[in-house]
Enquirer: 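My structure is below; once you've seen it, I'll send some questions.
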Amino acid sequence: MIDTHAHLLKEFYDNIEETINNSKINNILHIINCADSLSSSYETLQLSKQYKNFVLPAIGIHPNNIKDNWKEEINEIEILIKKEKPIAIGETGLDYYHNKENKIEQIELFKSQINLSKKYNLPILIHSREATKDTLDILKETKPIGIIHCFSGSLETAKEYIKLGLYLGIGGVITFKNSKLPEVIKEIPLENIVLETDCPFLTPHPHRGKQNSPSYIYLIAERIAQIKNISIEEVIKQTSNNAKDIFKI
Ligand SMILES: [Zn+2]
């Protein structure tokens with residue numbers, strides 16, 4: 001299994017080594033470890049050197065972490081792309097839930113990272129919270145390749161993203177009791193889905209409330225198998241192939 005979206009960062013974990021070793025024991029093949037700022041971009045690049053071919057780094061700046069000097073930071077991200085060859089750009093995107101006062105800057109920051117993803121032919125990991133319309137408009141205009149991380153929207157929105165060639169990242173939310181996501185995912189082909197934990201956030205049922213880990217990917221696979229009435233093996237095989245295609249691994 002591949003966890004296409006994790007945040008194994010010091011800010012969230014004091015047991016990164018243990019978490020990674022547990023993931024290996026629990027049949028995880030690769031972890032895409034996502035930065036959310038310039039400093040965590042350095043951190044995930046460093047960690048990926050320690051766990052070569054296992055922890056794969058995505059670097060970028062999350063909309064919640066915009067600083068006044070973000071343009072300089074993006075220049076530095078570009079230098080890192082050239083020097084360190086990360087596997088993806090992200091996580092980035094739009095978040096109007098946390099802040100809608102700085103929409104224009106968020107859009108500029110997002111677009112600058114879409115440019116990098118296209119220039120260096122890397123997939124982009126997209127966060128979109130209460131910003132579906134702007135996200136879709138930008139993606140229709142720019143057409144990057146990548147993943148809509150932690151997708152939890154409507155069937156109509158899912159279809160729009162898929163039409164653009166994007167994949168839906170499905171995580172712990174699908175295991176939550178009152179989630180409407182199962183109804184949507186029932187209608188979406190496995191060919192358009194990848195699995196993710198977004199750890200340390202969104203710990204799947206029945207571990208909700210505890211620390212999340214890439215090891216819990218199987219709970220998401222299991223729930224999708226249930227919803228689609230197919231085997232868990234089939235879910236794992238197809239979604240892993242999708243991830244391998246996207247990240248060229
Ligand atoms: Zn995330």
Side-chain angles (χ1 to χ4, degrees), residues 1-13 16 19-20 23 28 30-45 47-48 55-66 70 73 77 86-99 106 109-110 113-114 116-117 122-132 135 139 144-153 157 161 166-176 179 181 193-204 207-217 219-220 239 242-243 246-247:
M1 292 172 284
I2 299 171
D3 185 353
T4 64
H5 195 111
H7 299 279
L8 298 176
L9 301 168
K10 282 185 208 127
E11 151 185 24
F12 306 120
Y13 288 90
I16 290 181
T19 308
I20 290 175
S23 306
I28 303 298
H30 302 287
I31 299 168
I32 314 300
N33 197 34
C34 309
D36 59 8
S37 62
L38 180 59
S39 63
S40 59
S41 294
Y42 279 100
E43 198 186 322
T44 184
L45 287 167
L47 195 70
S48 69
V55 174
L56 306 171
I59 68 170
I61 301 171
H62 190 286
N64 296 350
N65 293 328
I66 297 191
W70 68 265
E73 291 194 333
I77 293 279
I87 197 158
I89 304 295
E91 106 176 56
T92 179
L94 301 175
D95 194 321
Y96 300 163
Y97 172 81
H98 280 101
N99 193 347
Q106 285 195 41
L109 176 72
F110 183 28
Q113 290 174 89
I114 292 175
L116 290 177
S117 104
L122 293 170
I124 187 162
L125 310 176
I126 301 159
H127 169 104
S128 177
R129 193 158 179 201
E130 292 188 10
T132 304
T135 306
L139 294 173
I145 51 159
I147 298 171
I148 303 295
H149 137 70
C150 193
F151 176 79
S152 59
T157 307
Y161 285 135
L166 296 158
Y167 291 80
L168 307 181
I170 303 301
V173 173
I174 199 150
T175 69
F176 297 170
S179 172
L181 196 53
I193 293 171
V194 291
L195 309 181
E196 61 167 57
T197 59
D198 199 23
C199 64
F201 313 107
L202 301 171
T203 310
H207 302 294
R208 223 177 155 179
K210 290 187 208 145
Q211 187 184 58
N212 198 0
S213 153
S215 300
Y216 292 155
I217 274 287
L219 291 167
I220 296 155
T239 55
N242 297 343
I246 301 166
F247 296 108

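Whatever order the structure lists them in is the order used to number ligands and atoms, beginning at 1.
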Enquirer: With respect to I61, which candidate in D36, L109, I89, I66 satisfies the side-chain contact (heavy atoms from CB on, under 4.5 Å) definition?
Expert: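 Among D36, L109, I89, I66, the one meeting side-chain contact (heavy atoms from CB on, under 4.5 Å) with I61 is L109.
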Enquirer: Tally every protein N/O/S atom whose distance to the Zn ion (ligand 1) is less than 2.8 Å; waters are neither shown nor counted.
Expert: 4
Enquirer: Excluding sequence neighbours, so at least two apart, what forms side chain to side chain contact (heavy atoms under 4.5 Å, CB included) with S23?
Expert: I28, I31, F54, S213, P214, S215
Enquirer: Any side-chain heavy atom of P200 within less than 4.5 Å of one from Y13?
Expert: yes
Enquirer: Go through the steps for E43 and N33 under the test side-chain contact (heavy atoms from CB on, under 4.5 Å), then give the verdict.
Expert: CA-CA 10 Å; E43 198 186 322; N33 197 34; over 6 Å; no
Enquirer: Would you please classify the geometry between the Y216 ring and the H207 ring as parallel, tilted or perpendicular, with 30° and 60° separating the classes?
Expert: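 Parallel: the ring planes of H207 and Y216 meet at under 30°.
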Enquirer: H149 vs H5 aromatic rings, parallel, tilted or perpendicular, using cut-offs 30° and 60°?
Expert: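 H149 and H5: parallel rings.
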